[in-house]
Protein chains: 2
Amino acid sequence: MPIRRVIIVDDHKLFAHSLEHLVNDFNDYAVVDTFSNGAELVEKLSSGMENPHVILLDVKMPIMDGIATMKWLKKYRPFVKVIVLSMEDEETTVLSMIKNGAKGYLLKDIEPDLLKKALDTVVNDGYFHTDIVTLALMHNLDDEPKKLKFDLKDKELQFIQLACEEKTYKEIADEMMLSPKTIDGYRQHLFELFKVKNRIGLMIFAIKNNLIEL
Amino acid sequence: MPIRRVIIVDDHKLFAHSLEHLVNDFNDYAVVDTFSNGAELVEKLSSGMENPHVILLDVKMPIMDGIATMKWLKKYRPFVKVIVLSMEDEETTVLSMIKNGAKGYLLKDIEPDLLKKALDTVVNDGYFHTDIVTLALMHNLDDEPKKLKFDLKDKELQFIQLACEEKTYKEIADEMMLSPKTIDGYRQHLFELFKVKNRIGLMIFAIKNNLIEL
DNA sequence: AAAAAAAACAGGAAAAACCCTGTATAAATT
DNA sequence: AATTTATACAGGGTTTTTCCTGTTTTTTTT
């Protein structure tokens with residue numbers, strides 16, 4: 001196996017250089033460069049630097065942070081594998097890095113062995129996912145209706161669901177076997193309750209509160 | 001550690017009983033019952049049977065399938081840990097089982113050792129997630145605009161995004177600095193293109209095709 | 001420069017959505 | 001039994017949306 005070129009991007013110089021030593025001690029890996037923020041990386045890559053196999057990327061950095069860097073990489077170097085090395089395990093951060101193509105997400109307090117394993121796995125299988133990622137993904141999946149401050153009657157909920165389909169109120173009235181005037185009453189009541197101005201507003205509210213299934 | 005009570009639910013009798021032997025051979029686990037579909041399980045649990053620690057659940061079953069069973073369990077026995085054992089790895093199925101609280105999802109062709117490990121991990125950590133789950137979760141996350149058969153101009157896309165907000169066309173016209181009549185032209189053109197009948201239909205289309213960010 | 005295509009805009013009208021106020025009836029409270 | 005509350009419904013008006021058929025202006029193509 002050829003030596004894998006690794007780039008480290010981290011503004012914490014001490015950490016970055018210790019990491020460099022560690023990675024250089026692994027067989028098959030060599031750190032070819034370290035940068036202290038995303039902008040430096042982007043600049044070098046843009047000006048013809050050879051692409052690395054793997055980038056070890058921090059999240060919190062000055063000038064151009066990990067998320068912005070990840071977005072750039074996704075767009076211009078999608079084939080370069082990125083492992084995020086971060087102090088923070090906030091789920092929104094994890095999700096946003098994974099969404100933008102990170103192949104792994106590790107906390108900085110892991111054992112060196114795990115980093116080695118992550119590198120190997122990412123190179124061979126394309127990704128390395130730890131519990132931290134899986135849990136974030138799971139919570140992201142949550143689609144329980146958020147507990148609303150109002151409790152909606154069955155008919156109201158049914159109206160909302162139908163109002164979020166490509167139907168006229170007349171059609172909704174037929175389907176619910178009620179007068180169009182009654183339907184108009186539901187509409188008006190819910191507009192006031194949700195503080196929306198039109199049917200689009202109602203639909204936005206319904207989506208944000210998981211009242212409907214698209 | 002006390003012996004963990006396990007229930008197997010699988011209509012494939014031969015498989016179910018082989019599995020029973022296998023699990024009984026594991027230390028710390030004992031199969032207390034096997035059922036050939038979800039309905040049998042639900043009936044027994046409802047009529048006072050002691051709850052198991054773990055349920056090994058198949059997906060494809062007659063009468064009451066794995067998904068329906070999982071939904072029932074999520075509602076009435078949320079604390080019972082379920083590991084899905086399935087032949088199929090269709091991502092929608094995986095997602096739906098995980099959404100409904102399955103703690104693990106394994107294919108039936110795995111090694112016995114892995115099942116043992118899954119049982120131990122589920123009992124101790126609460127879940128056991130294999131690549132099959134992580135991959136399904138990842139793809140679920142996809143929010144790239146799907147490649148449309150039409151290519152939309154910038155103005156059209158902007159109109160769509162504004163039309164999916166709580167605005168009148170007059171307001172949209174102001175914001176885009178165009179005449180309301182021009183906006184109406186965009187509307188009509190896109191209605192025909194997407195084959196929708198009203199603004200709600202347009203919004204549904206935009207959401208399904210990831211044209212907008214809510 | 002002429003022709004073709006695309007983008008911006010209009011008139012006019014019907015349909016649907018929106019809004020306000022008010023009534024009859026059934027259901028729940030007291 | 002009397003009162004309140006909730007539900008279904010109406011009249012009638014304003015605004016917005018939707019639809020159809022054009023014209024003018026700008027941009028692109030030839």
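Protein chains get the first letters and strands the later ones, always in sequence-line order, with residue 1 at the start of each. What you are looking at is a predicted structure, and each value in this text was computed from that prediction instead of being measured.
Within the structure, a side-chain polar atom (N or O) of B:Tyr186 is placed less than 4.0 Å from OP1 or OP2 of C:dA8. At the phosphate of D:dA10, OP1 or OP2 sits under 4.0 Å from a side-chain N or O atom of A:Ser179. Look at A:Arg187 and you'll find a side-chain N or O under 4.0 angstrom from OP1 or OP2 of C:dC19. Between A:Lys155 and D:dA8 there is a side-chain N or O to OP1 or OP2 distance below 4.0 Å. In terms of phosphate contacts, A:Tyr169 brings a side-chain nitrogen or oxygen within less than 4.0 Å of OP1 or OP2 of C:dC18. At C:dA8, none of the side-chain N or O atoms of B:Thr182 fall inside 4.0 Å of OP1 or OP2 (strictly under the cut-off).
Here the nucleotide nearest the side chain of B:Gln188, chosen from D:dT16, C:dA8, D:dC20, is D:dC20. Distance from the side chain of B:Arg199 is smallest to D:dT18 among D:dT18, D:dT7, C:dC19. Set against C:dG12, D:dT16, C:dA16, the side chain of B:Thr168 has D:dT16 as its closest nucleotide.
The salt bridge (charged side-chain N to carboxylate O under 4.0 Å, His left out) analysis of residues 86-95 of chain B, with sequence neighbours excluded, yields no pairs. The ring-ring contact (aromatic ring centres under 6.0 Å, His included) contacts involving residues 44-69 of chain B comprise nothing, where partners must be two or more places apart or lie in separate chains.
Position along DNA chain C of the nearest nucleotide to B:Pro180 versus A:Val196 favours B:Pro180 as the more 5'-ward residue.
Looking only at distances, no side-chain donor or acceptor of B:Asn140 sits under 3.5 Å from a matching main-chain atom of B:Ala136. Remark: the backbone N or O of B:Tyr105 is paired with a side-chain donor or acceptor of B:Thr130 at under 3.5 angstrom.
In this model, no side-chain donor or acceptor of A:Asp184 finds a partner on the base of C:dC18 within 3.5 Å. Interface remark: the B:Lys181 side chain does form a donor-acceptor pair with the C:dG12 base, using a distance-only criterion of under 3.5 Å.
Remark: P of C:dA16 and CD of A:Glu171 are 8 Å apart, rounded to the nearest angstrom.
Where the helix from C:dA1-D:dT30 to C:dT30-D:dA1 starts and where it ends, the local axes point in directions that differ by 50°; five pairs per end, rounded to 10°.
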